[in-house]
Amino acid sequence: MSRSLKKSLFAAASAIAAITVTGGAVAFCGFYVGKADTKLFNKASKVAIMRDGNRTVITMANDFQGELTEFATVIPVPVVLEEEQIHVTENAILDHLDAYTAPRLVEYFDEDPCVMYDRMEMRMPQAAMSLGAVDKLRKKDSLGVTVEAEYTVGEYDIQILSADQSDGLADWLKQNGYKLPDGAEKILGSYIKQGTKFFVAKVNLEEQAATGLKYLRPLQIAFESPKFMLPIRLGTLNADGKQELFAFMLTRTGRVETTNYRTVKLPTGMDIPVYVKNDFGSFYKSMFEQQVEKENERAVFLEYAWDMNWCDPCAADPLSQSELRELGVYWVGGGGDKPGIMPRRPMPQARDVFVTRLHISYDAENFPEDLMFKETNDRSNYQGRYVLRHAYKGDAQCEAADQYRANLPKRFESEAQTLANLTGWDIDAIREDMNQAGQNFEEPKKGSWWKRLWGNDAKEG
Amino acid sequence: MALSFIKDPRIYQIVTLSGLLAFGWTAHAFEIDPVQFAAIVIASCATQWLGSILIATRPDFKSPLITALSLTLLLRADAVWPLAAAAAIAIGSKFALRLGGKHVFNPANIGIVAMVLFTDVAWTTPGQWGTAVWFAALLAGAGLFVTYRSARFDVPLVFLGVYAALVFGRALWLGDPLAIPLLRLENGALILFAFFMISDPKTSPDGAIARAAFAGGAAVLAYLMMFHFYIADGLFYALAIMCLARPLLEWADPAPHYRWGDPVAPLRGLRRQNPSKTNSTHTVPAE
């Protein structure tokens, strides 16, 4: 048997993909120019959780890159799942949710200082409003492990296991050809004592070939349980270094936060040097790493919290009702709406879906316990948003323009400081890059006031 | 002690809680709008003032200030009014819900429970204090001092002792690493609850045995709700339930009522008090 237990619960092994900077989508009061999606992060897993009362639907993205015969995953679940509670969905939906909630970059262009003496500060109204064939159920007792059910769902063969002996499951898995990482017995034992059931998924090669796809689609499970949590402990076992997890929460009430770890909002709304536009991805990664360090590597980060009815600026359109239903949001009507609309104000027909995007960089040392969540009634909007302000380049000649130009070096310096603080990058290197991008720190030569008198400046050309 | 002439331990509580709030504010440990804080303070003091007029006593604003600080540290809302409402419920309960010359519920606790249980506009943030050990230690040190001064040194110790025994016991039974129970104990909200809320001498029993049962019972209830029923706000519900059960405990272990400024008497007599002494209850009803 060459099957080996998949390294981590929701682990992934994708290479760092270059960020695509899509240009030109018009956003309110500024241009949305780029987003920092999950592809930036290595070993990143994505999971969407719909939660309403005790009703839960978990969608787990699968970006397993190895041989399909090697894939196997063991997922702790609070209850024995029936066939109808397991589903396979499309990658595109999670990708859409990722894009919609991604931290974003916006840019503004300064007006002619001579025309707009009182430049109106344009602000975001942020937070203003406020299985194919079914095997017969087969019970097989050995080592205290009961195979409660076996199903084939999509390209996956699934076994639902329950165990009475804390070490029985580990032995059973080993006997069935799975390689367990060191320390797995202990964690499995802890879960068994807590009454947890297990869900083992492998690839059904025939079914997989029938899909015609080169990748594995996300698995979904629906169940009712008071436990609002995400098991991450098994995933930390033989991971070398930290793993990234993106959790997208879909609730009726409001923002979701962790109760056993601090949930921290990432710094947002800052003005940063314009050259960052060319490499928003590395800016975002550096900033995220810096914040992780600042919180002693123990915090969960909030990247987005927003009412699903709208967005501003939109990194992608809000999800359609059918996409939301696919992710388990059972209270919205199926189908009917068309994607492609980009509402910037709350729509009258409220869909009552609040999305929370959490980003966790975790390892066993700093995250010893599974993530325990709590729905709050907080419906205030938050987004990771970074601002580029382009200086006015026109040939403005007036006192206001002189003052405007005199103030630019100060503004650029403050942008450089902000960037250095956020990312930990070397301030001199930042200044250098800014200079090259045309953000000059030299104070303009002070023109004499009389030059503008009698048209002298025009004579000099 | 240089400050021992200040008999009323509430002064220490106000100073310590204000210090915590200021620290939390500057360290961005929690988000609270100054307007919300002001609204909580105003609503608390106004309710105290109104209540005092109704029962014809001189209003004292130390207790409502402590309640206001506790609410500011523990309760969150998007708007101002839910927090002001919590403050009004908290202080109002001191005047409206009374039994045997004492108010039934811990004011800040019932304010939180009422808003979280019966509305959908407020919430608690149990994990948002960060789990840095030093911060918890700071809180604990400050808290110990405060409660020692208010002669209820045993309540937080019994509560935390029983709670810690339960979470460590659970980890040992499950075979979990000790980092898990430590993570649960390194929680600022838990420490604040233990030293500043459940320890309130006005709403904990006066007899030492009853007090130990009160604190231990709250710890068991909180543990059960949080770890077996997955109720994130179990801590606060546990205290409200124990407050309802308190008359029974006091009946079993009668003792004279505590009065602010009573001399420091840690672990006052583990023997039963003479029931006749209960008549010496002070007459200021609601502070």
Side-chain angles (χ1 to χ4, degrees), chain A residues 54 78 127-130 166-167 183 185-196 225-229 233 236 252-265 267 294-300 302 364-382, chain B residues 24 27-31 33 75-83 115-135 167 170-190 225-235:
Chain A
N54 286 343
M129 296 153 242
S130 274
S166 61
D167 51 355
E185 286 94 336
K186 246 187 156 171
I187 296 177
L188 290 174
S190 172
Y191 282 134
I192 289 163
K193 282 183 177 162
Q194 293 178 66
T196 304
S225 168
K227 280 191 196 181
F228 186 17
M229 54 89 79
R233 292 178 66 193
T236 59
R252 251 170 160 154
T253 49
R255 186 175 53 82
V256 171
E257 65 182 31
T258 39
T259 59
N260 53 345
Y261 300 100
R262 190 158 129 78
T263 309
V264 178
K265 283 178 181 161
K294 211 175 137 195
E295 295 293 335
N296 301 316
E297 307 186 39
R298 267 212 166 169
V300 171
L302 182 71
E365 194 194 331
N366 294 299
F367 285 82
E369 194 179 21
D370 290 330
L371 301 170
M372 313 297 293
F373 298 110
K374 177 184 190 224
E375 280 178 73
T376 73
N377 293 308
D378 187 6
R379 292 187 76 92
S380 59
N381 294 326
Y382 164 86
Chain B
H28 305 289
F30 23 74
E31 292 176 352
D33 183 16
L75 194 64
R76 297 285 171 269
D78 275 342
V80 171
W81 73 265
L83 298 174
M115 291 313 286
V116 170
L117 210 55
F118 303 116
T119 76
D120 56 2
V121 289
W123 65 95
T124 63
T125 57
Q128 300 319 301
W129 287 58
T131 49
V133 191
W134 64 271
F135 189 39
V167 292
R170 177 177 184 269
L172 290 175
W173 174 64
L174 292 175
D176 281 346
L178 293 184
I180 293 181
L182 279 173
L183 178 76
R184 293 294 187 133
L185 291 175
E186 288 166 20
N187 179 308
L190 177 80
M225 282 195 263
M226 288 160 83
F227 289 89
H228 290 272
F229 297 100
Y230 307 98
I231 301 169
D233 291 318
L235 205 57

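Chain A is the first sequence line, chain B the second, and so forth, proteins listed ahead of strands; every chain is numbered from 1.
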Drop me the distance from B:Asp120's CG to A:Arg379's CZ, to the nearest 0.5 angstrom. 9.5 Å
Quick one: are A:Phe367 and B:Leu183 in side-chain contact, heavy atoms under 4.5 Å? no
Less than 4.5 Å apart, any side-chain heavy atom of A:Glu257 and any of B:Thr125? yes
Identify which part of A:Met229 has an atom lying under 4.5 Å from any heavy atom of chain B, answering side chain, backbone, both or neither. neither
So what's closer than 4.5 Å to chain B heavy atoms on A:Lys374: side chain, backbone, both or neither? side chain
May I ask you to test the B:Val121-A:Asn377 pair for a side-chain heavy-atom distance under 4.5 Å? no
Using non-hydrogen atoms only, which part of A:Thr263 is less than 4.5 Å away from chain B: side chain, backbone, both, or neither? both
For B:Asp176 versus A:Ser190, what's the shortest heavy-atom pair and its separation? OD1-OG, 2.7 Å
How far apart are the closest heavy atoms of A:Pro368 and B:Ile180, and which atoms are they? O-CD1, 3.6 Å
Side chain, backbone, both or neither: which part of A:Gln194 has a heavy atom under 4.5 Å from chain B? both
Below 4.5 Å, heavy atoms only, C-beta onward: do A:Arg298 and B:Glu186 meet side chain to side chain? yes
For B:Ala122, which atoms come within 4.5 Å of any heavy atom of chain A: side chain, backbone, both, or neither? backbone
Heavy-atom cut-off 4.5 Å, strictly under: side chain, backbone, both or neither for B:Arg76 against chain A? neither
Closest non-hydrogen atoms of B:Ala232 and A:Thr259, given as atom of the first, atom of the second and distance, are CB-CG2, 4.1 Å
In terms of heavy-atom contacts, B:Phe229 and A:Pro226 come closest through O-CB, 4.0 Å
Any chance you could measure B:Leu174, atom CG, to A:Lys186, atom NZ, to the nearest 0.5 Å? 11.5 Å
